[in-house]
Amino acid sequence: MALATIPQAITRGDISVYLSGNDNAKGDLFGPRIAAKFVNSNVTILMVTDALRWGYEGGAQTAQSLRSLRNYLIWLIGKYGQQAEFISQGAGGGSVIPSGSAGFNFLYLIPITAADFTDATTYNDTRIPGKQLKVYWNNINRFLLSSEFSQPVTGGITILIDGFDAQGANSDAEFDIFIVNPTGSNQNPTPSNTRVIS
Amino acid sequence: MAISPAILVEQSGLTPNIVTITDDSTGSDSTITKRWVFIQDATGLYLTGDGTVNYTVWSIDDLSISLDILTQDVDVAISVQWLDVDDGVVAEVEDTYPLCQFGKQFFYYLLQLQGLTPGVYQDLSYATNLVLFYANLVGGINAVLWGNDIAAGQNCLNREIQMQQNQSLYF
């Protein structure tokens, strides 16, 4: 299993926040000092993920320092990180994949660059037609307004900002496409064994 | 095509004291001879200018301008005017921005140390203050990104700035 890159670790951290939150909610874990009480609380995961994101984006940290914090995050997210790896990359996860299942398809975040555009303003993606999207433009550090992009019927996004040219002036553009209400599909697992208890 | 004004604002974690503004406009206007940059914080204080005027002149020949004006995290309103030879405003753009690299890199520093000594997280005071710092930093950023509210955002940032400046008491 390949070691996560910094961006991959950040994505897995983001995903682990809700995985651990939901997992914690099943038990008697919430209290007034949740971040102090449990190392793998979703608040702690969120903070370490954001620290790594800011260090990576800020340009002030050494590669060695970033790798060190990445390793800490991977340790912190533990089993949630394994699930997050499968969710974000469709691979890995170990025993998380139930035997007999064809897999679980869940789309949450699509990072793209200008190289992914088919023309100056259009990125096509047949996985997300009709989805409610939030698009974050990393180069200007904000989400696009609803008037600044449209969604082709076949899926993807079209940038409507005047002058935007993914194949020219904005060839270094990087976007994160968030699916606001992600839905997944799974196939009913087929048990490898059938047990009858009499 | 007439000018469609736009700017990009960047702050590097390597040099958090500097804010760089890049002209991202499209189109052109032959009457434009200069630009003025106004940067104002939540108290109404202008970070640009020289005391006589509130703006900094941005040469029309320069694609970007770097201003060494920051000493701590601040939520600001940035306005850029494109002017003609008579100082008439031809185009203008204004927006709010969170300039929080001091806080982000300090937070990274805290988590980096935590990664080296995970046991420190069991200290209740440390953990509580860490969460407070994070919540105020993110609050200061989100107030601007989501609400364009530099006053509310700066209130949050002031609390985390105080924690930075007295870190030996909190961490």
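FYI, side chains are in, hydrogens and waters are out, and symmetry mates aren't considered; it's all heavy atoms of this structure. Residue numbers start from 1 in every chain, and the chains themselves are labelled A, B, ... in the order their sequence lines are given, proteins ahead of strands.
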Go through the atoms of [X] and report whether side chain, backbone, both or neither lie under 4.5 Å from a heavy atom of chain A.
{"X": "B:Gln112", "answer": "both"}
{"X": "B:Ile141", "answer": "side chain"}
{"X": "B:Gln11", "answer": "neither"}
{"X": "B:Leu111", "answer": "both"}
{"X": "B:Ser4", "answer": "side chain"}

A:Asn139 side chain to A:Glu174 backbone, donor-acceptor under 3.5 Å: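 Judged by distance alone, yes, a pair lies under 3.5 Å.
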
Please classify the contact of [X] with chain B as side chain, backbone, both or neither, using a heavy-atom distance under 4.5 Å.
{"X": "A:Ile161", "value": "neither"}
{"X": "A:Leu73", "value": "neither"}
{"X": "A:Ser68", "value": "side chain"}
{"X": "A:Glu57", "value": "neither"}

For chain B, the option from A:Ile140, A:Asn141, A:Asp50, A:Leu52 that forms the most heavy-atom pairs under 4.5 Å: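 Top count of heavy-atom pairs under 4.5 Å with chain B: A:Asp50.
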
Stepwise salt bridge (charged side-chain N to carboxylate O under 4.0 Å, His left out) test for B:Lys104 and B:Asp73: CA-CA 9 Å; B:Lys104 287 183 177 181; B:Asp73 290 341; over 6 Å; no

A:Lys134 NZ/CZ over A:Phe143 ring centroid, <6.0 Å and within 45° of normal: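 A:Lys134 over A:Phe143 ring: yes.
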
Using distance alone, with no hydrogens and no angle criterion, decide if [X] and [Y] have a side-chain donor and acceptor under 3.5 Å apart.
{"X": "B:Asn158", "Y": "B:Gln154", "value": "yes"}
{"X": "B:Gln101", "Y": "B:Ser12", "value": "no"}
{"X": "B:Thr43", "Y": "B:Asp41", "value": "yes"}

Which atom of B:Trp82 lies closest to which atom of B:Pro5, heavy atoms considered: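 Looking at all heavy atoms of both residues, the shortest contact is CZ3-CB, 3.5 Å.
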
Residue, of B:Leu130, B:Val9, B:Thr22, that accumulates the most heavy atom pairs under 4.5 Å with chain A: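 It is B:Leu130.
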
Aromatic ring pairing B:Trp36/B:Phe38, orientation class (parallel under 30°, perpendicular over 60°, tilted between):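 Aromatic pair B:Trp36/B:Phe38 classed perpendicular.
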
